[in-house]
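Note that the numbering runs from 1 along the sequence shown for the chain. First listed ligand is number 1; within each ligand, the first listed atom is number 1.
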Amino acid sequence: MTSSTTASRPAITLTIAGSEATGGAGAQADLKTFQELGVFGIAALTCIVSFDPKDNWNHRFVPVDTQVIADQLEAVQTCYAADLDTVKLGMMGSPATIDTVATALRSQQWKNIVLDPVLICKGQEPGHALDTDQALKAILLPLATFVTPNHFEAESLSGITINTVEDLTRAARLIHAASGAAVLAKGGVRIAGSEAVDVFYDGTVTEVLSAPKVGEVAVSGAGCSLAAAITAELAKGATPLEAARTAKAFVTEGIKNRVSSAAPFDALWQGGNR
Ligand code: PXL
């Protein structure tokens with residue numbers, strides 16, 4: 001059935017990401033963020049991650065069959081062919097998944113492809129993860145319009161060691177030069193000092209986004225929620241810099257209001273902004 005377009009029709013916003021069952025990270029975090037920020041969230045799953053409480057909360061990782069990933073994307077892209085122009089890419093987990101996702105992305109035009117370059121998943125074979133990292137850099141990074149590396153990912157993508165805000169800025173510029181994308185390089189809790197600092201660079205503007213650190217331990221879902229918030233804001237028409245600022249504020253509130261559990265890490269609460 002076809003419904004008529006109304007002034008209040010929300011922006012259709014897709015995440016292609018993994019499931020993280022406890023709800024802190026992954027597609028669950030993305031969809032909660034999309035809902036909070038007033039866009040119509042849809043999700044295609046790439047893999048299923050189950051933390052293992054019997055093994056130091058390491059990740060148990062199961063990829064979704066590539067044909068099933070392609071089927072989900074066919075359904076989504078056919079349903080929303082008229083107005084789907086914004087997508088977030090989260091955890092891919094394997095080179096085969098990256099190939100499948102890239103093929104689907106290339107089948108249409110996009111305004112915004114936000115890449116959260118999730119490079120490491122505990123529990124994967126190192127060799128396997130290396131292949132995935134290389135495929136991500138070679139295949140998805142060139143398609144991205146916005147990329148949100150964390151400290152580790154920014155070091156890996158830029159090839160430099162990051163200890164200071166100046167290093168983070170240099171890394172953001174190098175990653176922009178390699179990709180052409182707007183970059184928000186996240187220092188998070190990993191750069192010394194009382195502030196959680198991220199650096200935005202889009203080829204023209206450099207802006208250091210800063211908020212007082214809330215504790216010294218990273219919170220589950222912060223990276224996913226930040227990239228998802230950027231994606232939602234871009235889908236609503238914000239500029240990359242505006243989207244980065246709004247997303248930083250959203251994540252800061254979510255961290256302040258984080259949810260604790262029996263796991264050794266807390267989860268960001270996307271409703272912290274309310
Ligand atoms: O935060 C990175 C991340 C992304 N996607 C999934 C995850 C995680 C970390 O746990 O499980 C599915």
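- At least one heavy atom of Ser19 sits closer than 4.0 Å to an atom of ligand 1.
- Contacts of Glu20 classified as salt bridge (Lys or Arg N to Asp or Glu O under 4.0 Å), with partners at least two apart in sequence or in another chain: none.
- Residue contact check: Val49 has heavy atoms under 4.0 Å from atoms 11 (O), 12 (C) of ligand 1.
- Which parts of ligand 1 touch Gly18 is read off a 4.0 Å heavy-atom cut-off, strictly below it: atoms 12 (C).
- The two atoms that bring Gly18 and Thr46 nearest to each other are N-OG1, 3.3 Å, heavy atoms only.
- Considering Ala25, Ala218, Ala21 only, the shortest heavy-atom separation from atom 8 (C) of ligand 1 involves Ala25.
- Not a single heavy atom of Gly223 sits less than 4.0 Å from an atom of ligand 1.
- Every atom of ligand 1 with a heavy atom of His59 under 4.0 Å away is listed here by number and element: 9 (C), 10 (O).
- The other members of the hydrophobic cluster of Leu31, by chain and number, are Phe34, Val39 (side-chain heavy atoms under 4.5 Å, ILVMFWY only).
- Close approach of ligand 1 to Gly26 (heavy-atom distance below 4.0 Å) involves ligand atoms 5 (N), 6 (C), 12 (C).
- Classified by interplanar angle (parallel below 30°, tilted 30° to 60°, perpendicular above 60°), the ring pair Phe265/Trp57 is perpendicular.
- In this structure, a donor-acceptor pair under 3.5 Å is present between the side chains of Gln28 and Ser19.
- The ligand atoms of ligand 1 that sit less than 4.0 angstrom from a heavy atom of Phe51 are 10 (O).
- When all heavy atoms of Leu84 and Gln108 are compared, the closest pair comes out as O-NE2, 2.9 Å.
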